[in-house]
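Okay, so here's the structure we're looking at.
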Amino acid sequence: MKEKYFPQEIEQKWQKRWADEKTFEVKEERGREKFYCLEMLAYTSGRAHIGHVSNYSIGDALSWFKRMRGFNVLHPFGWDAFGQPAETAAIKDGTDPEKFTRDAIATMKDQLLRMGISYDWSREVATCDPEYYKWNQWFFIRMWERGMLYRKLAPVNWCPKENISLSNEQASGGECWRCGTKVIQKELPQWFARITDYADQLLDGLDQLEGGWPERVISMQRNWIGRSRGARVDFKVEDLNESVTVFTTRIDTIFGSNAIILAPEHPLVSKILEDKPQRDEVLSFAEKLKQEQRSARVDELEKHGISTSGYAINPFNQERLPIWIANFVLIEYGTGAIMSVPSGDQRDFEFSRKYNVPFRQIKLTADGREIPAEEMEAADESWTTTVNTGQWSGLSSEEASRLMTEYAEAHGFGRSAITYKLRDWGISRQRYWGTPVPMIYCEGCGYRAVPDDQLPVVLPKGVNLKVGGGSPLDHVPEFVNTTCPCCGGPAKRDTDTMDTFVDSNWYYFRYCDPRNDEQPFDPEKVAYWMPVDQYIGGIEHAVMHLIYTRYWTKVMRDLGLVKFDEPVTRLLTQGMINKETYFCPEHEWLFPEQVTEGKTCTICGKEVITGRVEKMSKSRKNAVDPIEMINIHGGDALRMFVLFAGPPEKDKEWSDTGFEGASRYLQRVWRIAHKWQGRIAVVNSGSITQSDLQDHQRRLRRRVHQIVRSITENFEERLHLNTCISSLMELTNEIYAFDQAVEKNGDPSGEDVQVAREAFTALIPMLAPFAPHIAEELWESFGHSESLSRSQWPEFSAELAREEEIEVAIQVNGKLRSRIFASAGASDGELREAALADDKVKAAIEGRDVAKVIVIPRKLVNVVVK
RNA sequence: GCGAAAGUGGCGGAAUUGGCAGACGCGCCAGACUUAGGAUCUGGUACCGAAAGGUAUGGGGGUUCGAGUCCCCCCUUUCGCACCA
């Protein structure tokens, strides 16, 4: 063992050994409990950043812990390799998207290897491999067969000059990113997945995730699915043999309704206007409203509307209600039509005031008053009782709603209904770098699936992405032209590719059986490993990915592939690591070295704005490159720092000095281990009872057991790894204090060596989850030939952890007045007597009467005086 | 606007169920060792006060013997959703 700690040297050594010995590769072992620890697959952007370090350090710590606790730990990794940036790079720089992606994978994998994360690399998956996306296509076909997929027209961003569809990002600012042409909306037929069929299951399934998933993710998903219960009510349209159906959550307010408002796209609009003189005016206004709705910030829109000149009849009281269209009613939600109730809804109130549509008050305020409609200043949403509502006057909202829904049902003009915000998932993309949709269109037979034995439909290489005019695959005749699997006649392949969320839906099922070429995975293997016990990733995936993947799991269940509903038992959303920025009014963001000590800009001398902690990014010039950090102090120190900076789920701040502190700690461990390693390796151990030990020895042993307990419990429950690390530091400090005591006595005794051995035998394994390289190296130098990953997590004994003497706080009327020492077994009565006998307590009481004495065993005594 | 979370020293953060607020680290101060130290080791470090003592967990109320922790109101910050009928 070298005297000095050289992280680069030992990290390389252990990374090589782990790879050579396949240390972290696992297989199913019947009868051995599994633990599946998963970090979100990495998008192949080009380089790993500090967020990756944080994500993988958390997962790796837990994997190491579980492994040493005897679990069969599956800890795999893979690449989210399809997607837009590779394609964008191809168009800009003429690179091949595949080469771009493969290069990125090579670079990033190299970076991750240098962090020494304990992945089973034999299970690595890249979603752009035909062996992987073949099964996306297989799933697509199975779902198509079962009616879970369908085609419909849906709008896309469209560049009318190049005739290509654009992503939101490529169309940002309303201009095509390639040519600057104004982007329009164009309707294209596209593939949709009927996720709304699963809305209730997705919602109800959240209940079982309670406790394992962060509350805020669950509530975001609830929101996203957005189930609301209410009623649909049909209003007859005057002079037309039609009715308009509205959805309302508040049928009890229908007597207060003063208008029907339609979304501008509502099909009824043109029917009402047929032959009417104002037809052109209203339709062109509708067009304007539509454009307003499409503009990015709908929330800031002023309410606009126009009357269609039509009328509808309120089925409850036969009142004539004018039919309007307005920009705040959305065609996608509910029925695309609402009844306006100004006294109960703020939007309806604003709308009615603006256009002077009269309305009626239909409820009492919370304190029982009726405010006339003309005097209202805002809609009142906290109210008690209905008034002016016919036979239902005087009822509570709930009761009126129930009875009125029944009434509507009985009279055939309404029914209770549930509406969701969740919409079907459009999975078509008119792009190149993705999974080809495995469908063939034949003039005679319509859409037909590619037969299974012809999968995968391989994405053609060498496609020219710079030409416009439709999707990239449209320009590859050898891809497009095929024969119909049904009639054998000429047919064309679908040229859409799939949304990359399809890839990430089930990749972690594939890890369970990554090389299977018969099926997406062997259900037996998945039954062993799944569900994921701990999933770790960014909060940005709280809704999209984490809903789609739950949906996909339920689909796989319905295909008979898996037997469970929810794929992830525990979810941890890790916080970001941010860093201070330096902003010069003249030169914008500066690198730290461009700022003088007096906080001025080295270029122009102006004062620099400091102290703002922001997300790391290239443009803000505050990004920290993990590899540069590893080159300075090593991967162990880097991991140690990101975990120590704060609890995993919280945002943290990068600090150079904090990083140095982490490195300094590891050096400190190394030094003390080096000092004791020679002594411990030669002496044979024997068990020595506590009573035979001297104070410093007993204390160290006690602290070892206390700290093992606290770290173990923390790993099992809260996963607050920052406090685990502080406990390790405390243990290290204890060993230093012990060492000092030994120094004082001269040469270490046999007992000293034994107790030190116990301490290091606990410290080193507990260090492994955070700094595995140094832990392995120390473990080896202490005479162990096998990797730490195969050894046991230290056990603790409650008996040995117990304090002999305890310090008890004494309060008088809740204020701390004194402290006493007592034996650990002191009774309440003894503590009470000791407290009352204490001089400081006597002084504080000053002869007043003791009303009562509260004793919290082993902790505190509170003397209450009058 | 709605929903959620958070607010603790100079800084990052501890305090698991109401029971000694500030663990651990950074920074700072002092000492030792050193040719030297941005190394290492040791000690100190919430605030006010000379001390006794007092004051402190965003602000204000409350419950309790006792509140960072529970309840109510307010302020601030972050995140998510957003004309969702």
Side-chain angles (χ1 to χ4, degrees), chain A residues 4 214-224 226-228 230 246-250 253 261 263 293 297-303 326-330 332-341 344-348 350-351 419-421 539-540 542-543 573 575-576 613 640-641 644-647 649-662 664-665 667-668 671 710 713-714 717-718 720 722-733 736-737 739-740 807-819 851-865:
Chain A
K4 237 188 132 232
E215 199 45 56
R216 99 178 146 129
V217 174
I218 292 179
S219 93
M220 277 159 75
Q221 293 211 352
R222 283 219 170 90
N223 240 315
W224 185 268
R227 177 163 68 191
S228 43
V246 305
F247 174 75
T248 175
T249 53
R250 299 300 300 276
T253 64
I261 309 177
Q293 289 182 334
R297 299 202 57 88
V298 183
D299 53 320
E300 285 171 5
L301 276 184
E302 202 187 324
K303 290 179 180 46
N327 59 355
F328 63 94
V329 179
L330 305 175
E332 313 82 72
Y333 185 75
T335 58
I338 65 163
M339 60 181 203
S340 156
V341 183
D345 185 287
Q346 186 59 27
R347 286 162 318 172
D348 298 346
E350 285 171 25
F351 167 81
T419 297
Y420 301 89
K421 273 205 272 184
I539 186 73
E540 66 274 19
V543 275
T573 49
M576 281 188 311
V613 177
M640 201 89 188
F641 169 72
F644 186 56
E649 68 279 5
K650 269 189 71 172
D651 283 351
K652 291 163 280 266
E653 188 186 334
W654 177 267
S655 139
D656 286 327
T657 51
F659 176 45
E660 278 164 30
R664 215 147 52 204
Y665 168 68
Q667 292 170 36
R668 198 166 142 82
R671 272 192 304 275
S710 97
E713 288 173 355
N714 202 324
E717 286 153 28
R718 299 199 306 165
H720 275 196
N722 54 329
T723 59
C724 290
I725 293 175
S726 44
S727 298
L728 288 175
M729 289 171 170
E730 283 184 83
L731 180 52
T732 308
N733 292 344
Y736 268 86
D739 178 66
Q740 250 191 326
E807 194 182 3
V808 177
I810 313 294
Q811 297 179 336
V812 175
N813 283 353
K815 274 195 186 285
L816 184 70
R817 291 298 172 189
S818 183
R819 294 191 166 102
K852 61 174 158 175
V853 178
I854 287 157
V855 179
I856 306 299
R858 306 168 57 80
K859 281 199 167 146
L860 168 148
V861 179
N862 188 10
V863 180
V864 184
V865 295

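Letters A, B, ... are given to chains in the order of the sequence lines, protein chains preceding strands, and every chain is numbered from 1.
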Partner set under side-chain hydrogen bond (donor to acceptor under 3.5 Å, both in side chains) for A:Thr657, not counting sequence neighbours: A:Ser655
Non-neighbouring partners of A:Thr573 that pass side-chain hydrogen bond (donor to acceptor under 3.5 Å, both in side chains), sequence neighbours left out: none
Heavy-atom protein contacts under 4.0 Å, nucleotides 61-66 of chain B, coded B base, S sugar-phosphate only, - none: ----BS
Partners meeting ring pair (Phe, Tyr, Trp, His ring centres under 6.0 Å) with A:Phe351 (sequence neighbours left out): A:Trp324, A:Phe328, A:Tyr355
Set of side-chain hydrogen bond (donor to acceptor under 3.5 Å, both in side chains) partners for A:Asp656, sequence neighbours left out: A:Trp654
Set of residues satisfying salt bridge (charged side-chain N to carboxylate O under 4.0 Å, His left out) with respect to A:Glu730, sequence neighbours excluded: A:Arg703
side-chain hydrogen bond (donor to acceptor under 3.5 Å, both in side chains) partners for A:Asn733, two or more places apart: A:Arg668
Those residues that, when tested against A:Trp224, pass ring pair (Phe, Tyr, Trp, His ring centres under 6.0 Å) (two or more places apart): none
Distances under 3.5 Å between nitrogen or oxygen atoms of protein and nucleotides 38-45 of chain B:
from  : atom 1 : to       : atom 2 : distance (Å)
B:U40 : O3'    : A:Arg671 : NH2    : 3.0
B:C41 : OP1    : A:Arg668 : NH1    : 3.0
B:C41 : OP1    : A:Arg671 : NH2    : 3.0

Pairing stems for RNA chain B [at least three consecutive pairs; Watson-Crick or G-U; under 3.5 angstrom]: B:1-7 with B:75-81, B:10-12 with B:24-26, B:27-32 with B:40-45, B:46-48 with B:53-55, B:58-62 with B:70-74
Kindly give the atom pairs (protein nitrogen or oxygen, nucleotide nitrogen or oxygen) under 3.5 Å for nucleotides 78-80 of chain B.
from  : atom 1 : to       : atom 2 : distance (Å)
B:C79 : O2'    : A:Arg216 : NH1    : 3.0

Any pair counted as salt bridge (Lys or Arg N to Asp or Glu O under 4.0 Å), so long as it reaches residues 808-819 of chain A, sequence neighbours left out: A:Glu807-A:Arg819
